[in-house]
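So the structure is just underneath, and the comments pick up after that.
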Amino acid sequence: MASLKLKNIYKRYAGGVTAVNDFNLDIEHNEFLVLVGPSGCGKTTTLRMIAGLEEISEGELYIGDKLVNDVAPKDRDIAMVFQNYALYPHMTVFDNMAFGLKLRKTPKEEIKKRVQEAAKILDIEHLLDRKPKALSGGQRQRVALGRAIVREPKVFLMDEPLSNLDAKLRVQMRTEIGRLHNRLNTTFIYVTHDQTEAMTMGTRIVVMKDGYIQQVDSPTALYDRPCNIFVGGFIGSPQMNFMNAVLTKRGNDLHLVFGKNDVKIPEGKAKKLEGTDYIGKEVVVGVRPEHIHDEAMFLESMPDSIVEAKVDLVEMLGAETYLYMIIEGATGTVTARVNARTKTQTGDVIKVAIDANKVHIFDKETERTII
Ligand code: ATP
């Protein structure tokens, strides 16, 4: 069993960079936890502190019940898989996988058994006699995983392990690592800057920015209920659209007014805004591309949230089409994800319906979610 606890963890590098700020997290046994965020947000530093490769400046790290701040990496019962695989070029696949066990003076027969078992799981039994240079990128990645598996660690740490693979192989290895996690019944902590990888692999995701945790949640919760503009924009592809709108009270109703456009806020949502300081003020509205519609049936069923848009570009992807549009009040181009068979064409000025039940409203100053 390997749970982890990170308590008020800081990393301050020489030269004044605080790479990780007050990181607090409990990780349960057998979780597949993903750390995600843009370059430089502190994910690798966090992982390296867990591995013991980087000293913790302040705070406490527990693996199980044991405080491990001062425990050497080799005694932490963890295995780390790196982006560049870090295989020894002069050794065979077998020896690469066996290396850690040999250092630990594991008996020869035991080493052979564990390497063969891991090779079987990863489908690389036929490659055991080869040297790394005679392997493809995907095969090398499997060997790196194999080297971690044979050690039977309590915790697997992975730092962008798929980023050197081509897109197709990356998708395949994503599934394989997921399967490996199910099979090994251990805790995985996985670092990536790729939100799709995070969303498809993690049972729980930690979104980081500038050394701070922004939100910790399941993939669905992150997508449906981002805590701020950053998370809303970072999770989801194509990105969430943002507009500056004035929250306007008219009669008993609340409206989002931007440019000539007016979107009525449905009653349920409006109730949560009534009596707040936001009425009459500018807020930021977030709309996911799949919640903007160009089809007649939506325009008819959502008469209170019709907006005028100029279509800049139509991108047909086969199963769906993206419309890139100019909408008054929006920050940059607005993307809509619509039916593949849409009649809309580049240059059209059209009406689109925004699903007002699905909009996110953020505080313009703090950028935090209001509703
Ligand atoms: P990437 O996706 O680019 O790997 P990351 O989220 O993993 O980014 P880190 O590598 O953890 O980010 O870096 C966090 C911050 O700490 C960055 O500002 C980086 O420049 C800084 N940093 C990292 N290592 C050191 C170091 N050894 N000395 C000083 N600053 C460092």
Side-chain angles (χ1 to χ4, degrees), residues 4-25 27 31-61 63 68-70 72-73 76 78-86 137 140-141 144-145 148 155-167 170-171 173-174 177 187-202 204-217 219 222 226-237 239 367:
L4 288 94
K5 188 179 190 70
L6 290 92
K7 213 172 150 196
N8 307 112
I9 299 244
Y10 287 80
K11 177 65 193 183
R12 299 183 193 96
Y13 283 114
V17 179
T18 304
V20 177
N21 272 283
D22 199 17
F23 194 105
N24 283 286
L25 190 67
I27 306 169
E31 263 202 80
F32 196 128
L33 184 92
V34 178
L35 301 178
V36 70
S39 184
C41 71
K43 358 178 244 302
T44 296
T45 300
T46 306
L47 201 73
R48 289 175 60 84
M49 285 193 285
I50 297 173
L53 300 173
E54 207 66 73
E55 208 174 299
I56 296 171
S57 309
E58 192 183 323
E60 290 162 8
L61 169 67
I63 298 180
V68 297
N69 287 46
D70 298 322
R76 288 191 184 193
I78 49 168
M80 186 145 165
V81 180
F82 297 93
Q83 179 176 346
N84 57 8
Y85 321 134
R140 280 182 209 162
Q141 186 56 71
L145 286 170
V155 184
F156 276 88
L157 305 179
M158 303 193 181
D159 191 0
E160 308 249 9
L162 307 185
S163 56
N164 287 339
L165 304 180
D166 67 47
R170 216 158 44 220
V171 172
M173 285 302 288
R174 259 180 1 214
I177 291 177
T187 310
F188 277 43
I189 307 177
Y190 188 103
V191 160
T192 178
H193 65 274
D194 178 344
Q195 66 87 30
T196 312
E197 217 165 275
M199 291 291 276
T200 49
M201 298 179 81
R204 217 156 51 117
I205 299 173
V206 179
V207 184
M208 294 182 73
K209 183 190 168 219
D210 300 336
Y212 289 93
I213 294 184
Q214 304 290 303
Q215 189 168 354
V216 184
D217 249 319
L222 274 185
C227 72
N228 59 24
I229 291 182
F230 174 77
V231 176
F234 189 77
I235 299 289
S237 174
Q239 261 205 358
E367 303 198 344

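As the structure lists them, so they are numbered: ligands from 1, and atoms in each ligand from 1. Below, all heavy atoms of this structure are taken into account, side chains as well, without hydrogens, waters or symmetry copies. Here the structure is a predicted model, which means the values were calculated and not measured.
Counting heavy atoms only, S39 comes closest to atom 1 (P) of ligand 1 of the residues S39, C41, A19. With distances taken over non-hydrogen atoms, the option nearest atom 21 (C) of ligand 1 out of D159, V17, V36 is V17.
Here the CG-CE distance, from N21 to M208, works out to 8.5 Å after rounding to the nearest 0.5 Å. Interatomic distance, N69 CG to K7 NZ, rounded to the nearest 0.5 Å: 11.0 Å. Between atom CG of residue D159 and atom OG1 of residue T46 there is a gap of 10.5 Å, rounded to the nearest 0.5 Å.
The shortest heavy-atom distance from G40 to ligand 1 is under 4.0 Å. Put simply, no part of G37 is less than 4.0 Å from ligand 1, judged by heavy atoms.
The proximity of T44 to ligand 1, defined as any non-hydrogen pair under 4.0 Å, involves the side chain as well as the backbone. Of all the heavy atoms of K43, the ones lying under 4.0 Å from any atom of ligand 1 are found in both the backbone and the side chain.
Close N/O approach between T45 and ligand 1 is found [any backbone or side-chain N/O within under 3.5 Å]. Residue A14 has no N or O atom closer than 3.5 Å to an N or O atom of ligand 1.
Nearest to atom 22 (N) of ligand 1 among the protein's heavy atoms is Y13 CE1, 3.3 Å.
At least one protein heavy atom sits closer than 4.0 Å to atom 12 (O) of ligand 1. In this structure, atom 19 (C) of ligand 1 has its sub-4.0 angstrom surroundings free of protein heavy atoms.
Under the 4.5 Å side-chain criterion, counting only non-hydrogen atoms from C-beta, R170 is in contact with E197. When side chains are defined from C-beta on, L162 counts as touching Y190, because their heavy atoms get closer than 4.5 Å.
The nearest pair of heavy atoms linking L165 to M173 is CD1-CG, 3.7 Å.
Of all the atoms in ligand 1, the ones that sit under 4.0 Å from a non-hydrogen atom of P38 are 6 (O).
The side chain to side chain contact (heavy atoms under 4.5 Å, CB included) test with V20 singles out one residue from E58, K11, R12, and that residue is K11.
More than 12 heavy atoms of other shown residues, nucleotides or ligands fall within 6.0 angstrom of atom OH in Y10.
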